[in-house]
Each structure stands twice: as structure tokens, then as C-alpha cells.
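Note that ligands are numbered from 1 as they come in the structure, with each ligand's atoms numbered from 1 the same way.
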Amino acid sequence: MENFTAYNPTILHFGKNVIDKLPAHLDKVGKNVLLLTGQGSVKKYGYFYQVVEKLQQTGKNIIEFSGIKPNPIVDDAEKAVKLAQQHQVDFIVALGGGSVIDTAKMVNMAYANNQPVWDIMKRQVNPVKKVALFVILTLAATGTEMNGAAVLQNHQTQEKIGYFSQLMYPDVSFLDPEFTFTVPKNQTVNGIIDLIAHSLEAFFSGGNAPLSDRFVASNILETFDYAPALLNDLTNYDLRARMMWTATVAENGTTMHARTTAGDWGTHALAHHISLLWDTPHGQTLSVMFPAWMKAMSYKIAPQLKYLGTLLTGKSNIKPEETIQIFEDFFVNIGAPVKFEQLGLSNQDKQKLLNLWHKNKPTGLNVTLNENDYQNIISFL
Ligand code: NZQ
Ligand code: ZN
């Protein structure tokens with residue numbers, strides 16, 4: 001096992017009506033709150049009004065910024081920073097999925113430190129302060145509710161990149177599975193893919209971390225178990241709760257201790273380019289990219305693929321390609337795309353993707369990628 005430091009400062013309330021606990025956290029955070037939301041679902045389904053009621057109960061002055069799009073962009077974050085400055089907000093509440101929460105994290109950094117969002121993300125400046133961030137999650141997928149990461153797109157520089165800071169862990173997150181009942185089936189599928197992908201990114205890190213490996217396998221097996229039932233019963237509380245918790249656990253550190261790298265993330269880095277070019281939902285880019293990456297990188301990761309297959313099946317003589325097949329079959333069974341053309345994209349688009357990879361040089365932290373690997377991955381898409 002490697003040396004490691006365990007750190008996760010987020011207080012997480014999980015279960016029915018946890019939003020009732022919000023007022024008790026608000027007595028020391030000032031009066032002006034920036035409330036960030038997406039493109040309307042929280043109003044349509046009423047979550048917005050529940051949160052507003054709690055904020056008003058405690059005498060807060062709400063400054064609203066709405067309209068954050070899926071695959072969020074740096075321009076929206078900058079607009080929200082201006083609004084925060086104009087009203088001198090004291091704290092931030094993010095109500096939504098990963099896109100809203102990630103934007104809120106970067107707005108927090110830029111506002112509290114008076115630094116441009118993109119300069120922070122490119123690590124040209126170093127934020128040292130934050131204001132309090134409260135998160136009310138409406139979509140299980142990214143794990144951003146209990147980690148210090150955020151991902152934004154910048155169309156000027158043609159990048160979709162992540163940024164991590166210990167300052168960005170939410171102070172308190174509220175996870176009520178009932179807030180996810182309205183997530184449509186296709187978006188639920190996207191969330192399932194994302195949490196499986198996060199479990200795999202952790203698994204393909206470096207180092208010897210047996211317990212973390214078993215957490216990964218358990219999280220994946222748990223997901224294989226509830227996913228088909230959930231997709232036929234989207235308002236089943238227990239199934240939604242199981243999904244919500246597996247999504248958090250996939251990305252809150254549980255699967256990471258004792259590893260040499262902070263995940264692999266090569267597949268994510270490659271897949272982000274599809275979202276950047278065609279605004280494809282994050283989950284769909286991963287069910288296409290992960291099988292292709294595993295096939296193309298099999299020459300480097302065959303032992304890990306066999307070990308993962310053994311953890312998942314209990315059998316000792318699993319071949320690498322059988323492990324890959326387990327994931328491909330699962331994605332197909334839940335109705336996820338596994339081929340590039342199922343995203344509505346063509347062979348010419350593959351070339352565009354390859355060109356952008358050559359320009360930005362995405363790679364993994366453990367399994368490094370070269371120009372030949374790009375070509376091979378493209379051939380498996
Ligand atoms: O915009 P609204 O109207 O809110 O609708 C959203 C959006 O259209 C909708 N939705 C959310 N909650 C709902 C709902 N619809 C009905 N009922 C509800 N309760 O779902 C759509 C997708 O929302 P989004 O926030 O974009 O999804 P997700 O949570 O999957 O976030 C994806 C973003 O997170 C990044 C991704 O790259 C992508 O930009 N990631 C963030 C990570 C992190 N911070 O740790 C890690 C991930 O790997 C990922 O990269
Ligand atoms: Zn992801």
C-alpha cells in the first residue's frame with residue numbers, strides 16, 4: 001500500500017426531506033445569497049420553491065442566477081461572478097446537477113479571490129479563499145456534491161478541463177433521492193454510465209490498493225444490481241437512493257486511498273473533447289469511449305483488466321476481453337450508446353476529434369497516451 005492522506009470536509013445529509021436541515025446551517029453565513037440553477041427543471045418540478053422557502057425563512061436576501069447549461073461554459077461562470085460582485089454576496093447555494101454545482105464552485109473561487117475563472121482553471125493564479133457553498137443535488141452522476149473538482153468548457157480556447165482545489169469541497173450537501181424522481185430515463189442512464197466510469201478511472205490509477213479496488217468492484221456490482229430495475233421504475237425511492245449513493249461514493253475519495261495517482265482520467269480527458277465539439281451529454285461520451293480505451297490500451301492494462309474481471313465475477317481465469325465485454329454488455333442493456341455513430345456522428349467527425357486530440361494532447365495520469373494510442377482508440381470507436 002502507498003502512503004496517503006484521507007480528506008473530505010463536506011457534511012452530507014442524505015435521505016427524505018433533508019432540505020429541512022438547511023436553515024440550521026445558515027446562521028453564521030451572512031445575508032446575501034447567490035442561488036445558482038440550470039435551465040428550468042428545478043422550477044418546473046418545484047424544488048426551487050422549496051429551497052427559496054428555507055432561505056426566506058432564515059431572512060436571506062436571494063440573488064438568482066439561472067440558465068446554466070449542461071456542459072457548462074466559462075462565460076456563464078463569469079456572468080455569475082459579476083452578479084455576485086454587484087450584490088456582494090456572502091455565500092452560494094447551488095441547486096441542480098453537476099453543471100450547476102461545478103459552475104458554483106468556480107464562481108466561488110473567482111469571486112472570493114477576485115481572479116478570472118479561466119486563469120484559475122489553467123492554474124495561472126492560485127485562489128486562497130472561499131465563501132460558504134451549499135449544494136442541493138437534483139441529479140445523481142458526477143459526485144461533485146462531495147469532492148473538490150469542477151469541469152468547464154471554453155469554446156475560445158477549445159478546451160473542456162477540470163480543476164481541483166481543497167477549497168471547493170461543498171460545506172454542506174443535501175441529497176434527497178426524491179429530488180431525482182423527475183430525472184428522465186435517458187439522463188438517468190447517463191448518470192449510471194458516469195458513476196461506473198468514475199469507479200473505473202479510480203481502478204486504473206497506479207499503485208497497490210486492495211481495499212480501494214474492492215470498493216470499486218462493490219460499487220460497480222451494486223450499480224449492475226439496481227440499474228435495470230430503476231430504469232423501469234424511475235420513482236422508486238430505494239432504487240433512486242441506491243443510485244444517488246453509488247454516484248457519490250464513486251467520486252468522494254472512498255475508491256482512491258492508497259493509490260499513486262489521483263485516478264487515471266485518460267478516458268474522461270478523451271471523452272470531454274466529444275462534448276466540447278458536439279455538446280454531447282457527458283455520460284454518452286463515456287459509454288462510447290471507455291470500451292474503446294480499454295480495447296486500445298489492453299497492451300498496457302491487461303493484468304488490471306483480468307484482476308477487475310475476477311473481482312466482478314469471482315472467477316480466476318478471466319481474459320481481458322471478457323472484462324471489457326461485461327461493461328459493453330451492461331451499457332447496451334441499459335440503452336446506452338457504445339459506438340461513435342450512435343451519437344449521430346460520422347467518420348469525418350472522427351477525424352475532427354483526432355485532430356483536436358493531437359492539438360490538446362489528452363492523457364491519463366497513470367496510463368499515458370501517445371499519438372499511436374489516439375489512432376487505435378479512434379479505430380475502436
Ligand atoms: O438545466 P436543467 O433544467 O436543470 O436540466 C438538467 C439538464 O438538462 C437536467 N436535470 C437535472 N436535475 C433534474 C433534471 N431534470 C429533471 N429532474 C431533475 N431533478 O439534467 C440535465 C443534465 O444536467 P447536468 O447538470 O449537466 O448533468 P450532470 O450532473 O451529469 O453534470 C454533467 C457535468 O458535470 C461534469 C461533466 O463533464 C458535465 O459538464 N463532471 C463533473 C465532475 C466533477 N465535478 O467531479 C466529474 C465528472 O466526470 C464530470 O466531468
Ligand atoms: Zn464523469
[X], [atom1] atom: more than 12 neighbouring heavy atoms under 6.0 Å:
{"X": "Gln124", "atom1": "CD", "answer": "yes"}
{"X": "Lys359", "atom1": "NZ", "answer": "yes"}
{"X": "Asn3", "atom1": "CG", "answer": "no"}

Ligand 1 contact by [X], heavy-atom criterion under 4.0 angstrom:
{"X": "His198", "value": "yes"}
{"X": "Val42", "value": "no"}
{"X": "Asn190", "value": "no"}
{"X": "Pro72", "value": "yes"}
{"X": "Gly40", "value": "yes"}

For this session: Consider only side-chain heavy atoms of I, L, V, M, F, W and Y, link residues closer than 4.5 Å, and tell whether Met121 and Val151 are in one cluster.
Result: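 In one cluster with Met121: Val151, no.
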For this session: Verify the cluster assignment for Ile11 and Leu22: are they in a single hydrophobic cluster under the rule of side-chain heavy atoms below 4.5 Å apart?
Result: yes
Counting each atom of ligand 1 from 1 as listed, which ones have a heavy atom of [X] under 4.0 Å away?
{"X": "Ala149", "answer": "44 (N), 45 (O)"}
{"X": "Val183", "answer": "13 (C), 16 (C), 17 (N), 18 (C), 19 (N)"}
{"X": "Phe179", "answer": "19 (N)"}
{"X": "Ala141", "answer": "30 (O)"}
{"X": "His272", "answer": "37 (O), 50 (O)"}
{"X": "Gln187", "answer": "20 (O), 21 (C), 22 (C)"}
{"X": "Tyr47", "answer": "19 (N)"}
{"X": "Thr144", "answer": "43 (C), 44 (N)"}

For this session: Would you mind checking if Glu222 and Arg242 are paired as a salt bridge, meaning a charged N to carboxylate O distance below 4.0 Å?
Result: yes
Exercise. Between Glu321 and Lys306, does at least one N-O distance fall below 4.0 Å, as a salt bridge requires?
Worked result: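 Looking at Lys306 together with Glu321, the answer is no, because their closest N to O distance does not fall below 4.0 Å.
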Heavy-atom proximity to [atom], best of [options]:
{"atom": "atom 26 (O) of ligand 1", "options": "Ser66, Ala250, Ser99, Ala247", "answer": "Ser99"}
{"atom": "atom 39 (O) of ligand 1", "options": "Lys43, Lys69, Lys160, Met146", "answer": "Lys160"}
{"atom": "atom 7 (C) of ligand 1", "options": "Pro281, Pro70, Gly38", "answer": "Pro70"}

Problem set entry | Atoms of type N/O/S from protein, distance to the Zn ion (ligand 2) below 2.8 Å |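 Under the 2.8 Å cut-off, the count stands at 4.
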Using a 4.0 Å heavy-atom cut-off, say whether [X] meets ligand 1 through its side chain, its backbone, both or neither.
{"X": "Gln153", "value": "neither"}
{"X": "Thr182", "value": "both"}
{"X": "Gln39", "value": "both"}

Exercise. Does one side chain, of His273 or Asn360, offer a donor that lies under 3.5 Å from an acceptor on the other?
Worked result: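 Yes - a donor-acceptor pair under 3.5 Å links their side chains.
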Exercise. Does the side chain of Asn32 pick up a donor-acceptor pair with the side chain of Asn61 at under 3.5 Å?
Worked result: yes
Around [atom], find the nearest protein heavy atom and jot down its residue, atom name and distance.
{"atom": "atom 14 (C) of ligand 1", "value": "Ser41 OG, 3.5 Å"}
{"atom": "atom 34 (O) of ligand 1", "value": "Thr142 CG2, 3.4 Å"}
{"atom": "atom 45 (O) of ligand 1", "value": "Asn147 ND2, 3.1 Å"}
{"atom": "atom 49 (C) of ligand 1", "value": "His282 NE2, 3.3 Å"}
{"atom": "atom 12 (N) of ligand 1", "value": "Thr138 OG1, 2.8 Å"}
{"atom": "atom 28 (P) of ligand 1", "value": "Gly98 N, 3.6 Å"}
{"atom": "atom 44 (N) of ligand 1", "value": "Asp102 OD1, 2.9 Å"}
{"atom": "atom 9 (C) of ligand 1", "value": "Leu139 CD1, 4.2 Å"}

Exercise. Can you find a pair of side-chain heavy atoms, one from Glu341 and one from Ser346, that are under 4.5 Å apart?
Worked result: no
For this session: Would you confirm whether the ring centroid of Phe204 sits within less than 6.0 angstrom of the ring centroid of Trp293?
Result: yes
Problem set entry | Aromatic contact, Phe134 with Phe91 (centres under 6.0 Å) | yes
Exercise. Taking the six-membered ring for Trp, are Tyr374 and Trp357 parallel (under 30°), tilted (30 to 60°) or perpendicular (over 60°)?
Worked result: tilted
For this session: Measure up the Phe164 and Tyr169 rings against each other and bin them: parallel (under 30°), tilted (30 to 60°), perpendicular (over 60°).
Result: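 Judged by the thresholds at 30° and 60°, the geometry between Phe164 and Tyr169 is perpendicular.
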For this session: Would you mind listing the cluster partners of Tyr237? Hydrophobic ones only (ILVMFWY), side-chain contacts under 4.5 Å, chaining allowed.
Result: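 Direct or chained contacts put Tyr237 with Phe181.
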Shortest non-hydrogen separation from [X] to [Y] and the atoms involved:
{"X": "Thr285", "Y": "Ser275", "answer": "CG2-OG, 3.5 Å"}
{"X": "His257", "Y": "Ser212", "answer": "O-OG, 2.7 Å"}
{"X": "Ala202", "Y": "Val216", "answer": "CB-CG2, 4.2 Å"}

For this session: Given salt bridge (charged side-chain N to carboxylate O under 4.0 Å, His left out), test Glu159 with Lys122 step by step and report yes or no.
Result: CA-CA 11 Å; Glu159 288 168 288; Lys122 295 294 283 183; 2.6 Å; yes
Problem set entry | side-chain hydrogen bond (donor to acceptor under 3.5 Å, both in side chains) assessment of Thr323 paired with Tyr307 | CA-CA 9 Å; Thr323 304; Tyr307 172 39; over 6 Å; no
Exercise. Mind checking whether Thr180 has an N or O less than 3.5 Å away from an N or O of ligand 1?
Worked result: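 Between Thr180 and ligand 1 (N or O atoms, distance only) the closest approach is not under 3.5 Å.
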